[in-house]
Amino acid sequence: RRFHVAVVGATGAVGETMLSILAERNFPIATLSLLASSRSAGGEIEFQGQKIKVQDLAEFDPSGVDIALFSAGGSVSKEYGPKFAAAGAVVIDNSSAFRYDDDVPLVVSEVNPEQVANRPRGIIANPNCSTMQMLVALAPLHRRYGIERINVATYQSVSGGGRSALEELGKQTGQLLSFQDIDPQRFPVQIAFNLIPHIDDFQDNGFTKEEMKLVWETRKILGDDSILVNPTAVRVPVFYGHSEAVAIETREKVTPEAARELLEQSPGVEVVDRREAGGYPTPVTHASGTDAVYVGRIREDISHPRGLNLWIVSDNIRKGAALNAVQLAELVAAEG
Ligand code: A2P
């Protein structure tokens, strides 16, 4: 069977990667509708050798769409997601609009794929990029050894902020290298040659929303509200690929050797862990443009008897967003 697929936000950083991944993986498409704002309606995007016109979402009739991949921001998802679902589409939503609703499953394809079927509203939420890559690596360890607590500091690339954020890093870098003044717009302060410990809005508890996503989403996806998560989320001047310094505390002790062996057999994970120069993953050398979640720097926490440290790197636009969304669409398609 072939499916009528719509991509909402098709002109964006995640949307364009959704299209290339749908093509790469030969998703069974009958028709493809490309939707964006009126700003880009009328433009053309090439897909598998065919030019497809971008349509204005506000004027699009969703009837007949089987699967809709949304990545156009939370307010667009809130307004149009339920309309597409009411018209019969399965909505796979990359925004945070529905992630914390009890009747919307939040699914990492390697971790809790069975939850895809549990969608009373016809909406499936795609997790936040930082949670996504962290759990591809940590879920196997949690199942075997029981994770009690996670300390995580993220090093997040600008592509997570969309096309305008990519452009701002490029522009500022050029301006600063030619001794020109800069004018931060997309980020609150200079991002080139700097880093910013602030992603998404501040919450009453002093954490940012990006940090709290790591707490809420980890518990929901692993189905375990007892897991403690202590996050710091930082934007860094990297174009593609998020990195995370993660320290876990487990119920049962896990040695670096046992963790390496388990992770080498885990779906979606690649261990890159030689204790020598370059023997670890980085966004540029490993993650950017690839599908895996890379894990390195696996070592015992010298300050805790049941602590383990890991360095987790992945392409935030691919596994962190577009790839997982397409993998969820594949799970839906496999239902027949
Ligand atoms: P457009 O290109 O017409 O602005 P990014 O995350 O890279 O900034 O991309 C955001 C995506 O969401 C783009 O495809 C953008 O389309 C789309 N988008 C933003 N606002 C709307 C809207 N109100 N209606 C439809 N699509 C939207």
Side-chain angles (χ1 to χ4, degrees), residues 5-23 32-47 51-62 65 67-87 89 91-99 123 125-130 132 156-172 184-188 191 196 199-201 209-210 213 233 235 237-242 288-289 315-326 329:
V5 176
V7 175
V8 179
T11 53
V14 172
E16 80 171 359
T17 307
M18 283 172 166
L19 296 176
S20 53
I21 293 175
L22 286 167
L32 182 61
S33 301
L34 304 183
L35 305 165
S37 77
S38 55
R39 292 180 292 275
S40 36
E44 284 182 335
I45 295 179
E46 198 168 299
F47 182 81
K51 290 209 162 98
I52 303 181
K53 264 216 163 66
V54 177
Q55 303 179 66
D56 184 354
L57 173 64
E59 291 176 2
F60 180 75
D61 173 5
V65 172
I67 298 175
L69 303 172
F70 271 71
S71 193
S75 55
V76 171
S77 292
K78 274 207 177 92
E79 182 174 353
Y80 292 94
K83 289 185 183 162
F84 276 62
V91 171
I92 297 172
D93 182 38
N94 190 50
S95 82
S96 62
F98 308 109
R99 283 184 196 150
I123 301 173
N126 208 37
N128 172 258
C129 44
S130 294
M132 190 93 72
Q156 300 186 215
S157 69
V158 296
S159 52
R163 210 179 280 293
S164 58
L166 284 160
E167 280 162 10
E168 181 145 309
L169 174 59
K171 186 170 162 201
Q172 280 184 7
Q185 298 194 338
R186 184 57 186 70
F187 293 104
I191 182 63
I196 308 174
I199 306 178
D200 211 332
D201 301 331
K209 187 165 178 207
E210 187 77 1
K213 290 171 188 168
R235 190 72 78 187
V238 167
F239 285 101
Y240 291 96
H242 288 2
S288 185
D315 187 323
N316 53 296
I317 297 293
R318 292 182 71 91
K319 185 59 201 176
L323 173 61
N324 196 73
V326 172

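Computed over heavy atoms, backbone and side chain alike; hydrogens, waters and symmetry mates excluded. None of the values given here were measured: they were computed from a predicted structure. One-based numbering, in listed order, for ligands and for the atoms of each.
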Strictly under 4.0 angstrom, heavy-atom based: which residues surround ligand 1?
G9, A10, T11, G12, A13, A36, S37, R39, S40, L57, S71, A72, V76, G162, R163
Please check if any side-chain donor atom of N316 sits under 3.5 Å from a side-chain acceptor atom of S159, or the reverse.
yes
Is the count of non-hydrogen atoms from other residues, nucleotides or ligands lying under 6.0 Å from K83 atom NZ greater than 12?
yes
Which atom names give the shortest non-hydrogen contact between A36 and T11, and what distance separates them?
CB-OG1, 3.6 Å
What are the two closest non-hydrogen atoms of F98 and P82, and how far apart are they?
CZ-CD, 3.9 Å
Check ion pair R235-E210 (N to O, under 4.0 angstrom):
no
Look at the rings of F84 and F60 and say which category their plane angle falls in: under 30° parallel, 30 to 60° tilted, over 60° perpendicular.
parallel
